[in-house]
Amino acid sequence: DGRMQIDGSLAVFVIYSGEGDETPVQWWEETIPFSGEVEVTDADADMIPVVNMRLAHKDVEARPDYDGEMRDLDVDAVLELDMKLYEEEVVELLEDFYSTTQEIAPVKKDAYYKNLLMKNASKLRLSESVRLEEGQPPILQVCHASGNVKLDEAAIEENGIRAAGVLEIQVLYITEDDGRPVNSMKQDFPFEQMIEVKNIKPDSTFDIRPAVEQLSTLMVSGDELEIKAAIGLDTLVFDSVKEEIITEIKEEGSLLEKISELPGLVGYIVGENESLWDIGKAFNTTIESIQELNGLETESIKPGEKLLLMKAVDSIPILQETPY
């Protein structure tokens, strides 16, 4: 209530050289867990969170340990959160109204609502072999690999969304060349994935969050690597629902003269698909009056049923709300 709990981990990779020219290049890799709370006004546990995280600032500094040796690292990072919270609620819409004494008319306009159609966690696996470009020093040992997903295109098709993009891989490795002990290679892997979404419509909207969930490298030879990756495409799909809503009630005059010309008591046979509301509105009476006069315990009526109708004498507008 009023806050968002964030739990995750920060992957840290540092490459360094020690004191002296003969010290080989070294690297250090660690996963640092973090946990914290962010204040979010009006948040509650029933909402659906969509959180995108970005590393806005990073800094690593060597610090002396208890012996005075530079063996400790001080890591400082700032995470930027882009958060969306989706809440489902029931909206009461005024569908129809009438008065037994006044001629009244609705003023309407179109309203649009978002309806959550599906939350889909689609996964895609890639496996590719890559070779070093000509002139690059051979690989002695892979020390680090990282990846980034870029979504280039996403379009709605029948029963789903076709997403296309690129997985950008960067590999840092140690070489046998003393003059160039560390080298890197970059490679782009295009991908295409069909995200299944039943009952999707051409005017549906969606939000796709791509992420690299797994990444591994296998050294095949001094100039070839086998790269395996798993990409997650977390997707929220919404329907855009259009409803005509009543925004105002406009009075157009009195019904007293018209009412005076109507008979006080009418016999009526219920037609197909008619409700007590339809009959009451047509004959200037109320549902309650029809139920009381005909001994009806509920509003349920059947075609062919015979009813007695008596015109109402009250002046209260009758409103009908439809839950949406």
Side-chain angles (χ1 to χ4, degrees), residues 8-32 52-62 70-71 73-77 79-80 121-154 162-195 208-234:
S9 57
L10 181 70
V12 181
F13 174 80
V14 178
I15 188 167
Y16 66 95
S17 60
E19 296 179 353
D21 296 335
E22 297 181 358
T23 304
V25 172
Q26 300 288 331
W27 66 89
W28 173 80
E29 194 166 9
E30 186 69 44
T31 300
I32 302 174
N52 291 321
M53 195 174 300
R54 186 179 71 88
L55 193 60
H57 169 77
K58 58 183 177 180
D59 185 47
V60 179
E61 184 179 352
M70 302 295 282
R71 293 196 181 97
L73 291 175
D74 186 22
V75 178
D76 180 43
L79 297 176
E80 190 175 81
S122 180
K123 295 187 184 297
L124 170 67
R125 295 190 180 275
L126 296 176
S127 180
E128 299 284 345
S129 294
V130 294
R131 289 185 176 273
L132 294 177
E133 295 181 0
E134 188 176 350
Q136 295 290 317
I139 302 169
L140 181 63
Q141 184 180 1
V142 175
C143 56
H144 184 66
S146 61
N148 183 45
V149 184
K150 287 187 176 180
L151 203 60
D152 295 329
E153 184 181 358
R162 188 168 299 279
V166 174
L167 172 62
E168 299 176 337
I169 300 293
Q170 182 169 350
V171 179
L172 195 67
Y173 65 91
I174 305 298
T175 76
E176 296 178 344
D177 189 349
D178 294 335
R180 192 177 179 181
V182 181
N183 196 38
S184 67
M185 62 175 293
K186 292 183 179 181
Q187 187 73 35
D188 291 345
F189 300 105
F191 66 87
E192 187 174 276
Q193 175 79 341
M194 185 66 179
I195 304 171
I208 302 177
R209 293 181 299 152
V212 180
E213 296 185 350
Q214 294 178 356
L215 179 63
S216 64
T217 59
L218 177 64
M219 185 174 167
V220 179
S221 64
D223 64 348
E224 184 179 358
L225 292 175
E226 183 180 356
I227 296 177
K228 295 183 178 181
I231 300 174
L233 300 172
D234 287 345

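Since this is a predicted model, take the numbers as computed values, not measurements.
- Residue Glu128 holds its CD atom at 13.0 Å from CG of Leu225, rounded to the nearest 0.5 Å.
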>> Show, in sequence, the C-alpha distance, side-chain angles and deciding distance for Ile231 and Leu126, and conclude whether the side chain to side chain contact (heavy atoms under 4.5 Å, CB included) test is met.
In response: CA-CA 8 Å; Ile231 300 174; Leu126 296 176; 3.8 Å; yes
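- When the salt bridge (charged side-chain N to carboxylate O under 4.0 Å, His left out) test is applied to Asp74, the partners found at least two apart in sequence or on another chain are Arg63.
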>> Please evaluate residues Val142 and Leu218 with respect to the criterion side chain to side chain contact (heavy atoms under 4.5 Å, CB included), reporting the C-alpha separation (whole Å), side-chain torsions for both, the decisive distance (0.1 Å), and the verdict.
In response: CA-CA 9 Å; Val142 175; Leu218 177 64; over 6 Å; no
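- Here Glu153 pairs with nothing under the salt bridge (charged side-chain N to carboxylate O under 4.0 Å, His left out) rule; sequence neighbours left out.
- In this view, Arg162 and Glu157, Glu192 satisfy the salt bridge (charged side-chain N to carboxylate O under 4.0 Å, His left out) rule, not counting sequence neighbours.
- A heavy-atom distance below 4.5 Å is not found between the side chains of Tyr16 and Trp27.
- When all heavy atoms are compared, the tightest approach of Ala211 to Val149 is C-CG2, 4.0 Å.
- You'll find the side chain of Leu151 reaches within 4.5 Å of the side chain of Ile208, heavy atoms only.
- Once rounded to the nearest 0.5 Å, the distance linking CG of Asp188 with NZ of Lys150 reads 8.0 Å.
- With rounding to the nearest 0.5 Å, the separation of CG in Leu233 from CG in Leu124 is 6.5 Å.
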>> Run Arg125 and Gln214 through side chain to side chain contact (heavy atoms under 4.5 Å, CB included) and show every step you take.
In response: CA-CA 9 Å; Arg125 295 190 180 275; Gln214 294 178 356; 3.6 Å; yes
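- Considering only residues two or more places apart in sequence or on other chains, Asp223 meets the salt bridge (charged side-chain N to carboxylate O under 4.0 Å, His left out) condition with Arg131.
- Val182 is listed as a side-chain neighbour of Ile174, based on a closest heavy-atom distance under 4.5 Å.
- Checked against side chain to side chain contact (heavy atoms under 4.5 Å, CB included), Ala11 has no partners two or more places apart in sequence or in another chain.
- For the pair Ala145 and Thr217, the tightest heavy-atom approach, listed with the atom from each and the gap, is CB-CG2, 3.7 Å.
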> Which is it for Lys58 and Asp76 under the side chain to side chain contact (heavy atoms under 4.5 Å, CB included) test, yes or no, and what are the steps along the way?
Replying inline: CA-CA 6 Å; Lys58 58 183 177 180; Asp76 180 43; over 6 Å; no
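- Remark: Glu213 engages Lys123 in a side chain to side chain contact (heavy atoms under 4.5 Å, CB included) (not counting sequence neighbours).
- At least one side-chain heavy atom of Met185 sits less than 4.5 Å from a side-chain heavy atom of Val130.
- With contacts defined as side-chain heavy-atom distances shorter than 4.5 Å, the pair Asn148/Val166 does not qualify.
- The list of ring-ring contact (aromatic ring centres under 6.0 Å, His included) pairs with a residue in residues 121-142, not counting sequence neighbours, is empty.
- Atom CG of Leu73 is separated from atom CH2 of Trp28 by 5.5 Å, given to the nearest 0.5 angstrom.
- In this structure the side chain of Val14 never reaches within 4.5 angstrom of the side chain of Val75, judged on heavy atoms.
- Within the 4.5 Å cutoff, side-chain heavy atoms of Ser129 are placed close to those of Glu224.
- Of all non-hydrogen atoms in Leu132 and Gly222, the two that sit nearest each other are CD1-O, 3.7 Å.
- Residues Glu80 and Ala56 share a closest heavy-atom pair of CB-CB, 4.0 Å.
- With a 4.5 Å cut-off on side-chain heavy atoms, Tyr173 and Gln136 count as touching.
- Gln187 pairs by the side-chain hydrogen bond (donor to acceptor under 3.5 Å, both in side chains) definition with nothing, not counting sequence neighbours.
- In this structure, NE2 in His144 is found 7.5 Å from CG in Leu172, a value given to the nearest 0.5 Å.
- Scanning for side chain to side chain contact (heavy atoms under 4.5 Å, CB included) contacts around Ala77 gives Leu10, Leu55, with sequence neighbours left out.
- Note: Glu226 CD to Met219 CE = 13.5 Å, rounded to the nearest 0.5 Å.
- Pairing each heavy atom of Leu215 with each of Gly147, the nearest pair is CD2-N, 3.7 Å.
- Arg71 is linked by a side-chain hydrogen bond (donor to acceptor under 3.5 Å, both in side chains) to Asp65, counting only residues two or more places apart in sequence or in another chain.
- Side-chain N or O atoms of Thr175 include one that pairs as donor or acceptor with a backbone N or O of Arg180 at under 3.5 Å.
- Side-chain contact, Ser122 with Gln193: a donor N or O sits under 3.5 Å from an acceptor N or O.
- Qualifying side-chain hydrogen bond (donor to acceptor under 3.5 Å, both in side chains) partners for Gln141, counting only residues two or more places apart in sequence or in other chains: none.
- Gln170 pairs by the side chain to side chain contact (heavy atoms under 4.5 Å, CB included) definition with Ser146, Ser184, Lys186, not counting sequence neighbours.
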